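Quick notes on the structure that follows.
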Amino acid sequence: MFSSFKGHPFVFLLWFLVFVTLLTVGFFIKLLSNWGWKYVLFYDDKNTNFKGCFKTPDNATKAFPLIAFMPAMTVGKCVDFCTEKKLSLAVLAGQRCLCGFSTKHFPLHVRENITRCLYHCPGQPHENCGTDIYNVVYQTEVQDNRCMNRSFLLDQPKQLIALASFPGSGNTWARHLIELGTGFYTGSYYFDRSLFDKGFKGEKDDWRSGRNICIKTHESSKKEIEAFDSSILLIRNPYRTLMAEFNRKYGGHVGFAPMLLWKGKTWPKFVEVYSEMWASHTLAWLSYSGPLHVVHYEELRRDIFIHLRGLVLFLGLRLSVDRLLCAENQREGRFRRSGLHRLGYDPFTEDMRTSIDYHIKKVDIALRAKTFSGVPDEYHLRQI
Ligand SMILES: *[C@@H]1O[C@H](CO)[C@@H](O)[C@H](O)[C@H]1NC(C)=O
Ligand SMILES: *[C@@H]1O[C@H](CO)[C@@H](O)[C@H](O)[C@H]1NC(C)=O
Ligand SMILES: *[C@@H]1O[C@H](CO)[C@@H](O)[C@H](O)[C@H]1NC(C)=O
């Protein structure tokens, strides 16, 4: 039966058709991956971030360790090139691809109007490659590791500096930034194994070891405050702080308190007790500590560079602009609770607000009396 088909011209035709079909499909896949597909993939790529349009630095040779001339430049070519060279910025300047890090020569702090960068790439008209003067900047998937090395303090005269905050004020995040910005580990008055496992190596030390640049504490008694030589006081909007702490306290590993507790009696009781505690904690640090530096969580979030610089100077360390810029690039860290859950409604009643606003006012007055600036404006905003 089959042998009668062998050598039949029909079989050859069939094989020929299969061959041509494969060739055509292959050709289209290749074509798609050359432009369309890669183009789409590129912009969806979570590891590559568009940073914006920036004016080129005065001396590009000084600002970038690597500069390549690419007559047929595309975004992908430059990003791939810089990624391969293990550099975390890909800077497109027309036909030049510059790779490097953000440094004092190119700090990426002043964004230009994006329209200045809308110039087609020589090798891909769908994409923008900027010009010699206005550069399109992407962050590659290469992590900025310049500030990841940290060590314990050695040989310094022992000094205990508190990093004081009320629970829920972003203490862990601030420690992360301080470690990156200073190059030294931070310690804690407590021991939290999960933080140690996440790389906070100072967590295991006795808090009086003197090996850490500052020490996390939520304490607020006069005696405990006075045990420190100087202090950083981290303050966060109590509305946010209370919600964060309620979720931490009742959310367990999920990090989000059950709806039953939000809607029941637990939340109002919590607000009553904790808003009072928020104020007394803050007021105690303002009155009992020696040299004091106040940081507002919200301001730190808004401008890491400026406020982290203030912290480094208060800690009496030499400033490294590159470390600060690197810390800015690593701003989130890998320990944040998922922000997926949102409450979906405003949990603060009018009574709660009146009482919280009263506590904010007290703290504001105490701050001003110590010649600090008062609480940020948004603490007074009646919205969450
Ligand atoms: C730019 O920087 C490089 C390397 O530091 C230096 O050799 C060169 O002279 C500088 N050029 C200008 C115009 O400043
Ligand atoms: C950017 O420039 C365009 C065109 O000059 C202008 O219409 C637009 O308002 C500018 N955008 C900003 C944010 O300045
Ligand atoms: C981290 O590395 C940089 C560059 O290699 C070095 O100058 C700095 O002293 C190191 N810092 C620490 C804390 O080890």
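Note that this is a predicted model, so its numbers are computed, not measured. All ligand and atom numbering here is 1-based and tracks the order in the structure. Positions are given from 1 along the sequence.
- When hydrogens are left out, the protein atom nearest atom 5 (O) of ligand 3 is Asn149 ND2, 4.7 Å; that is the closest non-hydrogen contact.
- Classification of the Phe196-Phe191 ring pair by plane angle, with boundaries at 30° and 60°, yields tilted.
- For atom 13 (C) of ligand 3, the closest non-hydrogen atom of the protein is Gly183 O, 3.2 Å.
- Counting only heavy atoms from C-beta outward, the side chains of Tyr297 and Ser169 never approach each other to under 4.5 Å.
- Asn113 ND2, 3.4 Å is the protein heavy atom nearest to atom 14 (O) of ligand 2.
- When only non-hydrogen protein atoms are considered, atom 1 (C) of ligand 1 lies nearest to Asn59 ND2, 1.5 Å.
- Judged by the 6.0 Å distance and 45° axis criteria, Lys263 is positioned over the aromatic ring of Tyr345.
- Under the 4.0 Å distance rule, the nearest protein heavy atom to atom 7 (O) of ligand 2 falls outside the cut-off.
- Glu328 and His109 share a side-chain donor-acceptor pair at under 3.5 Å.
- Distance screen at 4.0 Å: atom 11 (N) of ligand 1 has a protein heavy-atom neighbour inside the cut-off.
- Under the 4.0 angstrom criterion, atom 3 (C) of ligand 3 counts as having a protein heavy-atom contact.
- Applying ring-ring contact (aromatic ring centres under 6.0 Å, His included) to His293 and the options Phe314, Phe372, Trp285 leaves one that passes, Phe314.
- A ring-ring contact (aromatic ring centres under 6.0 Å, His included) with Phe246 is found for exactly one of Phe348, Tyr239, Trp262, namely Trp262.
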